[in-house]
Enquirer: 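Mind having a look at this structure? Questions to follow.
Values below: all heavy atoms of this structure, side chains included; hydrogens, waters and symmetry mates excluded.
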Amino acid sequence: MHTSKYLFFLLGPIGFLIFLLSLTPWHKEENLRAYRGAIDLRGIQSASSGPVDLSGEWEFFWSQEPGKILESFHGNMTVPGSWNRETELHSSYERFGYATYRLKVLLPDVWVGKVLTIGMGTVWSSYRIYLDGEILGESGIPATSPEQIVARVQPRSFSFVPSSSQIEITLFVTNNFARQGGISSPVKLGPSEVMLSTRTRTIFTDIFAFSSLVIMGIYHISLYLYLRSSKAPLYFGFMSMAIGLRTLVTNTRLLMEFFPTIPQGGIQMIEQISMMSATALYILFFYETFSLYVSKLYVKISLGIVAIFILITLFGSLEFNSNKIAYFHLFIGLTIGYVLYVIFGIDFDKESNSSYILYGSGILFLGVMIDLFYTYVLKVSSHQISHIALVLFVFLQSLVIASDRSSKYKEAKLLTEDLQTMNLELFEMKEKLVQKVEDRTRTLNDTLQQINRELEIAQNVQRKILTPPEREIKGIRFDYVYKPLEKVGGDFLDISEINPGQVRVLLADAVGHGVQASLMTMALKTEYEELKKLDCPTHVLKELNGRFLRKFDTLESIFPCFVADIYLEQKEVLYASAGHPDQVLLSPDGKFELLHKTGPILGLFDDLEIQFSTYKFPLGSRLLLFSDGLIENRRKENRWSTVETIAARAGTLSGVSLQKLLEDLVVMEEKSRGDEQRYDDITIIAIESREILS
């Protein structure tokens with residue numbers, strides 16, 4: 001296992017053990033804890049000592065109001081703690097209802113006559129505080145009837161001046177919606193200036209967490225908007241903003257200070273939806289960062305679950321939302337378990353800078369688990385360790401970005417230095433190169449002129465080896481278009497009367513174009529002249545294939561070839577096609593048939609199986625042959641240039657001259673190609689059967 005993983009998986013148990021040790025009361029003196037409804041603070045010697053935690057056993061009167069308390073019917077309740085939790089110390093009460101807490105406090109002489117402050121934390125879900133039987137203040141509106149209760153869970157402070165060394169604190173607490181009723185965070189007492197200082201530090205901590213999260217959230221979102229390389233900073237930024245919003249409605253609940261008219265339901269909705277949104281955004285961030293290791297199906301299911309919980313929260317009541325949040329906490333626990341499972345399988349040697357994310361996630365998970373431990377095991381209000389842990393997580397994530405940016409800055413600096421050195425060298429070489437370029441340019445121009453002259457000669461030679469279109473052959477008329485891609489091309493054609501009443505047509509297409517392909521046509525012309533009068537097109541193709549394999553095997557010469565014999569007296573055409581595209585046979589009435597290939601392309605195999613086919617070729621019939629350059633239109637749209645569409649178009653032009661037919665096909669090819677360049681040579685041959693004149 002990677003060293004980072006060892007440290008990560010040790011972080012949780014060690015951190016949690018330290019947290020549990022911090023809960024033990026070994027550091028507190030016994031006389032500073034409430035016992036059976038009383039606490040003795042007379043041992044305090046300094047007037048500025050405090051604040052003092054009044055935790056311990058308070059007198060507890062279930063379903064009784066202050067002033068109507070039956071002294072004979074009471075017990076003790078541990079503060080902080082929920083009155084409906086199961087313990088060995090007292091019975092479990094219903095979560096909805098009301099009760100009275102009472103504590104006698106023996107004050108030190110140095111506090112008598114000074115302004116003292118009682119600090120109340122989280123109390124579910126409303127309360128009224130009395131001092132020596134007089135109302136000191138309240139949060140929300142507590143009442144014995146659930147319909148009259150106005151819930152308000154907000155930390156508050158109440159100041160007073162004690163006139164004697166003994167005071168009695170009475171709390172009337174009602175709960176009408178929360179899962180756990182009662183005082184769930186410590187009640188503290190101390191001099192006002194000390195309590196104010198303590199509260200100021202707590203508020204500062206929340207403001208620091210909120211501002212840090214929002215600033216880093218804006219930074220990561222801006223980073224994504226500028227770079228757009230990965231969505232991880234975007235998800236991370238929105239997650240920081242969501243948790244930042246949650247810090248305003250937890251712990252000191254700053255939002256309730258600035259907007260006191262917001263109802264408890266609105267505060268609860270903001271708290272839960274921000275937590276749910278942050279969970280979904282963390283899943284997306286983790287998936288975007290480690291997409292090779294995270295299941296996409298799990299991400300989709302998780303996002304669906306979060307969406308359902310958010311909808312339920314938007315339309316649920318205070319009571320319902322308070323109950324169902326436990327199920328979402330369970331989902332958070334499962335998510336943490338899955339993420340730990342994924343982290344166990346990540347190869348951190350390949351994932352650069354991922355250790356920062358690993359440790360940040362560990363700290364965040366530890367904070368979340370501590371909060372859940374407070375809520376479900378201790379059944380008291382948590383200290384909201386999770387959003388402080390998230391601040392550390394955000395800073396660790398920022399280290400990832402800082403590390404990445406610093407490495408890129410170093411690379412850029414080194415590249416800049418290299419470029420400066422290269423610029424100096426290039427500047428020195430520039431003067432030398434200018435003269436060399438001028439000399440080479442003159443030489444190249446002379447060479448290009450010579451090459452152009454030689455290509456023009458080769459072009460004239462190549463055209464002369466083709467059958468001239470003005471040649472007269474009894475029984476047929478023919479015409480063709482020959483358009484090489486460059487000055488010379490790789491298409492070759494020949495139309496000859498090899499025997500009285502027998503006309504042989506050959507069309508071949510050497511692979512490629514330009515000078516190399518044109519040289520292949522010269523060789524093809526030479527070999528074909530010796531084989532032209534063989535009795536059958538299949539024999540011609542087989543002999544051509546054998547000769548090219550023997551003589552030109554090192555040139556890797558392959559080419560499709562089509563040979564057709566027109567028998568004028570029998571009014572038939574016999575053809576063989578070696579790898580050539582389908583050709584077209586047009587009847588006098590404009591109908592067409594496709595002449596499919598009858599064997600493989602030439603130049604690949606020594607032993608070829610080539611068949612031949614025979615079709616009727618009455619007077620007025622036309623044979624339309626073309627190289628594959630006519631149908632190699634590479635445009636994705638308006639692709640008309642297929643053999644079928646060419647044949648159909650030629651059928652509609654059965655009454656026009658051969659020259660007009662060829663011109664029309666060329667125009668259609670150019671229109672279909674549009675602004676795209678041509679990729680191959682184009683050859684089109686049109687042959688028409690006519691009456692033999694004596």
Side-chain angles (χ1 to χ4, degrees), residues 463-483 491-509 524-525 528-529 531-541 561-577 580-595 598 612-627 630 643 646-647 649-666 682-694:
R463 288 189 177 276
K464 288 186 179 295
I465 69 174
L466 303 178
T467 301
E470 63 272 7
R471 175 183 292 176
E472 292 287 340
I473 299 178
K474 290 182 179 181
I476 66 167
R477 64 167 60 91
F478 69 91
D479 200 354
Y480 63 83
V481 173
Y482 180 70
K483 297 181 66 175
D491 290 352
F492 173 70
L493 65 92
D494 185 86
I495 305 172
S496 303
E497 186 177 19
I498 60 173
N499 291 309
Q502 182 182 2
V503 178
R504 177 162 288 171
V505 184
L506 177 138
L507 176 59
D509 180 5
L524 182 60
K525 166 69 174 176
Y528 178 65
E529 286 299 323
L531 305 173
K532 182 186 293 186
K533 294 191 177 183
L534 291 178
D535 58 350
C536 181
T538 58
H539 295 164
V540 174
L541 294 176
C561 189
F562 183 93
V563 180
D565 286 351
I566 301 173
Y567 295 95
L568 301 175
E569 292 184 1
Q570 292 88 347
K571 296 182 177 55
E572 292 180 343
V573 58
L574 182 149
Y575 82 93
S577 175
H580 208 76
D582 295 347
Q583 305 294 282
V584 180
L585 177 62
L586 296 165
S587 61
D589 59 1
K591 296 181 179 180
F592 67 87
E593 291 188 72
L594 299 183
L595 307 182
T598 61
F612 65 85
S613 295
T614 304
Y615 287 87
K616 296 295 182 181
F617 196 66
L619 294 177
S621 299
R622 290 180 174 181
L623 186 61
L624 185 63
L625 310 177
F626 46 84
S627 61
L630 183 64
V643 176
I646 291 172
R649 179 61 178 169
T652 62
L653 300 173
S654 59
V656 303
S657 65
L658 298 180
Q659 184 179 5
K660 176 64 177 173
L661 170 62
L662 296 174
E663 291 175 353
D664 190 276
L665 293 178
V666 170
I682 293 179
T683 300
I684 312 174
I685 307 172
I687 304 172
E688 182 179 30
S689 174
R690 66 177 181 174
E691 186 176 356
I692 301 176
L693 301 176
S694 58

Enquirer: Glu529: what forms a side-chain contact (heavy atoms from CB on, under 4.5 Å) with it, not counting sequence neighbours?
Expert: Asp494, Lys525, Lys532
Enquirer: Which distance, rounded to the nearest 0.5 Å, do you find between the CG of Leu658 and the CG of Leu624?
Expert: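 Answer for the CG-CG pair, Leu658 versus Leu624, is 9.5 Å.
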Enquirer: To check you understand the geometry: which heavy-atom pair defines the closest contact between Ser577 and Leu541, and what is its length?
Expert: N-CD1, 4.3 Å
Enquirer: Just verifying a value: how many Å separate Arg477 CZ and Arg690 CZ, rounded to the nearest 0.5 Å?
Expert: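 If we round to the nearest 0.5 Å, Arg477:CZ and Arg690:CZ are 5.0 Å apart.
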Enquirer: Give the minimum heavy-atom separation between Ser587 and Ser621, together with the two atoms involved.
Expert: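 Ser587 and Ser621 have their closest heavy atoms at CA-OG, 4.3 Å.
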Enquirer: If I take atom NE2 from residue His580 and atom CG from residue Asp582, how far apart are they, to the nearest 0.5 angstrom?
Expert: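 His580 atom NE2 to Asp582 atom CG measures 9.5 Å (nearest 0.5 Å).
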Enquirer: Could you pull out the closest heavy-atom pair between Thr538 and Ala576, with the gap in Å?
Expert: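 Heavy atoms of Thr538 and Ala576 come nearest at CG2-CB, 3.8 Å.
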Enquirer: Decide side-chain contact (heavy atoms from CB on, under 4.5 Å) for Glu688 and Ile476; before the verdict, give the C-alpha distance in whole Å, the side-chain angles of both, and the deciding distance to 0.1 Å.
Expert: CA-CA 6 Å; Glu688 182 179 30; Ile476 66 167; over 6 Å; no
Enquirer: List the atom of Arg471, the atom of Ser496, and the distance in Å for their closest heavy-atom pair.
Expert: NH1-OG, 3.7 Å
Enquirer: Mind checking whether Phe492 and Tyr528 have parallel, tilted or perpendicular rings, split at 30° and 60°?
Expert: perpendicular
Enquirer: Hey, is OH on Tyr615 packed in by over 12 heavy atoms from elsewhere, all under 6.0 Å?
Expert: yes
Enquirer: Are Cys561 and Leu507 packed together at the side-chain level, in the sense that at least one heavy-atom pair is separated by less than 4.5 angstrom?
Expert: no
Enquirer: Enter the distance from Leu653:CG to Leu665:CG here, rounded to the nearest 0.5 Å.
Expert: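 Rounded to the nearest 0.5 Å, the CG-CG separation comes to 7.0 Å.
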Enquirer: Would you name the heavy atoms of Tyr480 and Pro468 that are closest together and state the gap between them?
Expert: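 For Tyr480 and Pro468, the tightest heavy-atom pair comes out as OH-CA, 4.0 Å.
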Enquirer: Is the shortest distance from a Lys or Arg side-chain nitrogen in Lys616 or Glu572 to a carboxylate oxygen in the other one below 4.0 Å?
Expert: yes
Enquirer: State, yes or no, whether a side-chain contact exists between Tyr482 and Asp491 at a heavy-atom distance under 4.5 Å.
Expert: yes
Enquirer: Just checking, any donor-acceptor pair under 3.5 angstrom between side chains of Asp565 and Gln502?
Expert: yes
Enquirer: Are side-chain heavy atoms of Leu506 and Leu493 found at a separation under 4.5 Å?
Expert: no
Enquirer: Is any side-chain heavy atom of Ile566 less than 4.5 Å from a side-chain heavy atom of Ile687?
Expert: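 A side-chain contact exists here, since the closest heavy-atom pair is under 4.5 Å.
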Enquirer: Counting C-beta onward and ignoring hydrogens, is there a side-chain heavy-atom pair between Glu497 and Asn499 closer than 4.5 Å?
Expert: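 No, every pair of side-chain atoms sits at 4.5 Å or beyond.
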Enquirer: Any donor and acceptor pair, going by atom type alone, linking the side chain of Gln583 with main-chain N or O of Pro581 inside 3.5 Å?
Expert: yes
Enquirer: Is there a donor-acceptor pair closer than 3.5 Å between any side-chain N or O of Thr467 and the backbone N or O of Ile495?
Expert: yes
Enquirer: Do the non-hydrogen side-chain atoms of Leu595 and Leu623 ever get within less than 4.5 Å of each other?
Expert: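 SC-SC contact between Leu595 and Leu623 confirmed.
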Enquirer: side-chain contact (heavy atoms from CB on, under 4.5 Å) for Val563 and Val505? Distances and angles first, verdict last.
Expert: CA-CA 6 Å; Val563 180; Val505 184; over 6 Å; no
Enquirer: Write down the atom of Leu531, the atom of Arg504, and the distance for their closest heavy-atom approach.
Expert: O-NH1, 4.3 Å
Enquirer: Using ring-ring contact (aromatic ring centres under 6.0 Å, His included), reason through Tyr575 and Phe562 one step at a time and then give a plain yes or no.
Expert: CA-CA 7 Å; Tyr575 82 93; Phe562 183 93; 5.3 Å; yes
Enquirer: Is Pro588 close to Ser654 at the side-chain level, that is, under 4.5 Å between some pair of heavy atoms?
Expert: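 No, their side chains stay 4.5 Å or more apart.
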Enquirer: Do Asp509 and Ser627 have a side chain donor and acceptor closer than 3.5 Å?
Expert: no
Enquirer: Does some side-chain heavy atom of Phe478 sit less than 4.5 Å from a side-chain heavy atom of Ile473?
Expert: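 With C-beta onward as the side chain, the pair touches.
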Enquirer: Just how far is it from atom OG of Ser613 to atom CG of Leu585, taken to the nearest 0.5 Å?
Expert: 11.5 Å
Enquirer: When rounded to the nearest 0.5 angstrom, what distance separates CZ in Arg622 from CZ in Phe617?
Expert: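 The CZ atom of Phe617 is 10.0 Å from CZ of Arg622, to the nearest 0.5 Å.
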